[in-house]
Amino acid sequence: MAWDELSKQLGQSLELSNELLRALDQKLKAPQTEKRLDKLWPVIISSLVVVITTIAAVTYNYLADSRRQALETQKFSIEVGKFEIDMFKSIDNYDIGAAQVLLMTLKKSVDDSEYREIRSAFDSRVAQVSETGDPRAKQVISDYAPSDSTTAGSEIADLIGKFNGPDRLSASKRLGELYPQSKDKVVGSLIEALLPATDDRSYRVNLYVALTLGRIRPAWEGTAEQEKKIEELRTTPNYNDPTFKARVIEAVANYTQKK
């Protein structure tokens with residue numbers, strides 16, 4: 001039972017109580033009330049008992065329902081937590097297929113906001129495993145990237161689209177998390193997002209393209225042509241800005257030739 005429903009029922013009970021009191025007041029003001037008062041007391045008491053009982057019942061039902069919902073939420077959270085633990089164990093054991101099945105199960109069970117958090121943790125864990133040096137880590141990447149390419153591509157585009165908005169820093173960080181699984185897509189999309197200096201949005205968008213490439217670890221892999229696009233930012237008016245200049249220098253220094 002929602003709080004507004006409880007308030008509604010309590011209001012109805014109080015309204016009934018007020019009506020009873022008004023009726024009582026009229027009775028008391030009526031002629032010969034003193035003679036009839038002894039007969040009125042049982043009615044008054046009964047009416048008050050009804051009102052009090054109604055309020056108590058409504059309150060009890062609300063509290064019971066709230067507790068039941070809290071227990072169900074707690075139980076659901078525990079189940080989601082178990083799925084997450086099993087998912088991370090599968091990644092750590094290089095069983096990316098099993099991990100993806102658990103990820104899809106969680107996607108159907110939680111809301112979009114919680115899924116994005118779980119998905120971010122999933123990608124970060126895969127990134128960690130891919131850097132362990134174990135031969136099986138390469139298989140993790142090859143198994144993971146193809147099945148997620150469509151979703152990743154859509155997310156990458158959405159993230160880059162935020163470079164000119166208030167969520168640009170978190171978008172840049174998320175792209176760094178996606179990089180190990182979608183290297184070519186992340187780098188290619190970033191380079192394609194570069195804007196000409198004549199565009200009013202060029203400073204902020206190009207700044208965050210450079211920032212993202214500069215903070216990818218251990219380095220961003222690309223072609224000579226892609227690296228040249230970043231180098232060309234040195235010739236734009238935006239390069240006169242110290243912050244812009246520093247980010248471009250970082251991006252160029254963090255480049256490595258694609259194998």
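For the numbers below, each heavy atom of this structure counts, side chains included, while hydrogens, waters and symmetry mates do not.
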R204 side, atom CZ; L211 side, atom CG - distance, nearest 0.5 Å: 12.5 Å
Under the side-chain contact (heavy atoms from CB on, under 4.5 Å) criterion, do R234 and I249 qualify, and how do the steps go? CA-CA 9 Å; R234 297 177 186 268; I249 291 174; 4.2 Å; yes
For the side chain of D241 and the backbone of F244, is there at least one donor-acceptor N/O pair under 3.5 Å apart? yes
Shortest non-hydrogen contact from A210 to A251? O-CB, 3.5 Å
Check whether any side-chain heavy atom of L233 lies under 4.5 Å from a side-chain heavy atom of L194, and answer yes or no. yes
Report the distance from atom CD of E155 to atom CG of L178, rounding to the nearest 0.5 Å. 4.5 Å
Got a second to check how far R247's CZ is from L213's CG, nearest 0.5 Å? 12.5 Å
For the residue pair Y208 and F163, does the interplanar ring angle fall in the parallel (under 30°), tilted (30 to 60°) or perpendicular (over 60°) class? tilted
Derivation of the side-chain contact (heavy atoms from CB on, under 4.5 Å) call for V187 and Y179: CA-CA 8 Å; V187 172; Y179 175 78; 3.7 Å; yes
Are D95 and K89 close enough that some pair of their side-chain heavy atoms sits under 4.5 Å apart? no
How long is the gap from OH on Y239 to OH on Y203, to the nearest 0.5 Å? 13.0 Å
Look at the side chain of S189 and the backbone N and O of V186, then say whether any donor-acceptor pair between them is shorter than 3.5 Å. no
S202 side chain reached by N238 side chain, heavy atoms, under 4.5 Å: yes
Would you say N206 and V248 make side-chain contact, with heavy atoms under 4.5 Å? no
Ion pair check, E221 and K183, cut-off under 4.0 Å: yes
Distance-only side-chain donor-acceptor flag, Q257 / Y255, under 3.5 Å: yes
Could you tell me whether the side chain of D199 and the main chain of R201 form a donor-acceptor pair under 3.5 Å? yes
Between K245 and N240, is the side-chain contact (heavy atoms from CB on, under 4.5 Å) condition met? List the steps. CA-CA 7 Å; K245 180 178 181 179; N240 294 324; over 6 Å; no
For F88, is the NZ or CZ atom of R125 found under 6.0 angstrom from the centre of its six-membered ring and inside 45 degrees of the ring axis? yes
Given 3.5 Å as the limit, does a donor-acceptor pair link the side chain of W220 with the main chain of G214, or not? no
Would you indicate whether D200, at its atom CG, is surrounded by more than 12 heavy atoms from other residues, nucleotides or ligands within a distance under 6.0 Å? no
Heavy-atom donor-acceptor pair, S172 side chain to R168 backbone, under 3.5 Å: no
Separation of E177 CD from Q181 CD (nearest 0.5 Å): 9.5 Å
Electrostatic pair E231-K228, nearest N-O below 4.0 angstrom: no
With rounding to the nearest 0.5 Å, note down the distance linking CD1 in I91 to CG in L103. 8.0 Å
Evaluate the side-chain proximity of V209 to I160: yes if any heavy-atom separation is below 4.5 Å, no if none is. no
Strictly distance-based, threshold 3.5 Å: is any side-chain N or O of T223 a donor or acceptor partner for the main-chain N or O of Q226? yes
side-chain contact (heavy atoms from CB on, under 4.5 Å), paired with R174, selected from D167, L169, D158, L159: L159
Main-chain N/O of I216 paired with N254 side-chain donor or acceptor, under 3.5 Å: yes
Looking at every heavy atom in both L190 and T212, which two are closest together, and how far apart are they? CD1-CG2, 3.9 Å
